[in-house]
Amino acid sequence: MHFKLDGTDPQSGARAGTITTDHGVIETPIFMPVGTVGTVKGVHQRELREDINPDIILGNTYHLYLRPQTPVLEKAGGLHKFMNWDRNILTDSGGYQVYSLSANRKIKEEGVKFKSHIDGSYHVFTPENVMEIQRIIGADIIMAFDECTPYPCEYNYAKRSMKMTHRWLDRCIKHLEKTPLKYDYGQTFFPIVQGSTYKDLRKQSAEYIASVGAEGNAIGGLSVGEPADEMYEMTAVVTEVLPKDKPRYLMGVGTPVNILENIALGIDMFDCVMPTRNGRNGMLFTSEGIINIKNKKWEADLSVIDPQGITWVDTEYNKAYLRHLFTVNEMLGRQIATIHNLGFYLWLVREARKHILVGDFASWKNNMVKKLDQRL
RNA sequence: GGGGAGAUACUCAAGCGGCCAACGAGGACAGACUGUAAAUCUGUUGGUUUCACCUUCGCAGGUUCGAAUCCUGCUCUCCCCA
């Protein structure tokens with residue numbers, strides 16, 4: 001993997017860059033659609049490629065390990081071939097499931113014992129086997145196995161957890177060196193900064209993560225319920241420390257406003273289920289503000305979904321029709337909403353990139369933030 | 001014509017003397033959702049001046065301290081036999 005800085009915004013910490021991998025070029029800032037189990041829910045690969053056109057998408061180690069299971073992925077020659085996606089893929093390590101499946105797992109120094117949410121069977125994830133599984137899945141960017149702490153998180157717990165995540169990181173790196181590539185392209189490993197919402201822990205963690213000299217770095221444990229201002233504060237502390245010549249990935253963020261604010265703080269990569277999940281649940285992010293398409297007010301509104309027309313669905317369908325599809329619970333409604341939202345998110349980060357390169361990002365951002373937060 | 005069953009809130013449907021403004025489901029309305037256990041989850045759904053009162057369980061009477069629940073009549077619906 002190679003990262004090149006193409007430009008920085010004079011008024012903020014925003015950067016535009018280019019990541020090059022064996023599966024192509026990723027222009028940053030980038031939003032990566034989430035495709036947990038080998039599909040960006042509700043979107044055909046063809047639509048993803050042609051209509052939304054992201055350079056990279058996500059998969060999830062825990063979910064893919066449970067189903068279809070690694071032997072199938074290995075037989076297929078990796079996730080790219082299995083799902084027919086020839087651009088970049090990043091896999092999360094399962095660290096987020098340590099948080100989200102908290103009722104079904106037990107954390108120890110050695111690793112995490114999970115109770116499968118599918119059949120109740122027990123599985124153990126360690127830094128070592130997570131690296132092996134990610135080798136088999138074969139994503140271009142693979143993540144360290146970490147503990148994503150909840151919010152709020154008591155200081156002592158956050159500190160202990162952060163230190164364990166650091167020790168796990170060492171084990172990941174050590175084991176990865178012994179685990180050869182499975183396919184004929186490279187894989188890049190990203191470590192993850194933790195430290196909850198404590199500035200000193202975040203700084204300490206960022207310093208540790210920076211010290212391992214990875215080709216890219218991630219920030220985890222945010223967007224887990226903390227107020228946005230706290231998230232920004234933590235991002236600011238961390239980006240101050242992380243190397244400027246490496247991409248920075250803020251995991252799990254966020255709303256369109258969150259993304260713009262974090263771009264301003266020097267983040268290059270984002271992922272979030274919001275455009276897909278909220279889209280399936282009727283929430284549309286548009287150039288004019290946020291719409292709950294299920295609301296009665298759209299019942300007879302024949303105006304197009306988004307006059308900006310970022311993706312073709314925006315102008316081919318009207319609001320009343322889309323609301324109707326949700327009302328009668330037709331899957332097409334969820335598909336349209338998902339394509340629209342992903343198109344919008346990708347448009348947003350591409351627009352941000354343009355403004356960074358032109359040099360007027362800060363003022364453009366402040367303008368956008370006001371519009372994007374509006375509820376229509 | 002004879003016999004039987006039934007009418008409950010937007011719909012379906014419980015309730016069979018007080019704990020009933022009335023279970024439950026659907027629908028409707030609204031909210032939530034941030035490295036996806038999520039096509040999921042939550043709330044509201046007779047009215048109002050809402051820790052209370054008023055009007056509701058086909059219609060009209062009656063019994064009772066008290067009725068959606070018991071009695072009488074009426075109206076309507078469905079089923080069976082002619």
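Proteins get letters first, then strands, A, B, ... in listed order; numbering begins at 1 in each.
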Taking pairing as Watson-Crick or G-U wobble with both contacts under 3.5 Å, can you name the mate of [N], or confirm there isn't one?
| N | answer |
| --- | --- |
| rA67(B) | none |
| rC19(B) | none |
| rA28(B) | rU44(B) |
| rC76(B) | rG6(B) |
| rU36(B) | none |

[atom1] spacing across the pair [N] / [M], given as an integer number of angstrom:
| N | M | atom1 | value |
| --- | --- | --- | --- |
| rU34(B) | rC23(B) | P | 33 Å |
| rC16(B) | rA67(B) | C1' | 11 Å |
| rU63(B) | rA14(B) | C1' | 26 Å |
| rU72(B) | rU77(B) | P | 23 Å |
| rU55(B) | rU48(B) | P | 15 Å |
| rU11(B) | rU45(B) | C1' | 14 Å |
| rA38(B) | rA25(B) | P | 23 Å |
| rA21(B) | rU69(B) | P | 14 Å |

Q. Any side-chain donor paired with an acceptor under 3.5 Å for Q194(A) and D146(A)?
A.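 Yes - a donor-acceptor pair under 3.5 Å links their side chains.
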Q: Would you please say whether a donor-acceptor pair under 3.5 Å links the side chains of N104(A) and Y122(A)?
A: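 No, no side-chain donor-acceptor pair sits under 3.5 Å.
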Q: Could you tell me if the ring centre of Y96(A) sits under 6.0 Å from that of Y99(A)?
A: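 Yes.
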Which donor-acceptor pairs under 3.5 Å do side chains of residues 39-49 of chain A form with protein atoms, sequence neighbours excluded?
| unit_1 | atom_1 | unit_2 | atom_2 | d |
| --- | --- | --- | --- | --- |
| Q45(A) | NE2 | M83(A) | O | 2.6 |
| E47(A) | OE1 | H44(A) | N | 3.0 |

Could you tell me whether a side-chain N or O of [X] sits under 3.5 Å from a main-chain N or O of [Y], the two making a donor and an acceptor?
| X | Y | answer |
| --- | --- | --- |
| R135(A) | T179(A) | yes |
| H324(A) | A300(A) | no |
| R248(A) | I219(A) | no |

Q) What is the distance, rounded to the nearest whole Å, between atom CZ of F326(A) and atom P of rG27(B)? A)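 It works out to 15 Å between those atoms.
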Q.
Expressed as a whole number of angstroms, how long is the span from F285(A):CZ to rA32(B):P?
A.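 To the nearest whole Å, that distance equals 11 Å.
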Q. How does protein reach along nucleotides 34-41 of chain B, written 5' to 3' as B (base within reach of a heavy atom under 4.0 Å), S (only sugar-phosphate), or - (no contact)?
A. BBBBBSB-
Q) Got a sec? Which of residues 161-173 of chain A come in under 4.0 Å of RNA chain B, heavy atoms? A)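 Contacting residues: none.
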Q. Reckon R375(A) touches a base, only the sugar-phosphate, or nothing at all at heavy-atom distances under 4.0 Å?
A. sugar-phosphate
Q | Which residues share a side chain to side chain donor-acceptor pair (under 3.5 Å) with R202(A), sequence neighbours left out | A |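 R202(A) satisfies side chain to side chain donor-acceptor pair (under 3.5 Å) with no residue once adjacent residues are dropped.
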**Q.** Inter- and intrachain pairs under salt bridge (charged side-chain N to carboxylate O under 4.0 Å, His left out), touching residues 176-194 of chain A, at least two apart
**A.**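 Counting only pairs at least two positions apart or across chains, the salt bridge (charged side-chain N to carboxylate O under 4.0 Å, His left out) contacts touching residues 176-194 of chain A are E74(A)-K182(A).
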When the side chains of residues 288-296 of chain A are checked against the rest of the protein, which donor-acceptor pairs come out under 3.5 Å, sequence neighbours left out?
| unit_1 | atom_1 | unit_2 | atom_2 | d |
| --- | --- | --- | --- | --- |
| N292(A) | OD1 | K294(A) | N | 3.1 |
| K294(A) | NZ | N281(A) | O | 3.4 |
| K296(A) | NZ | E299(A) | OE1 | 3.4 |

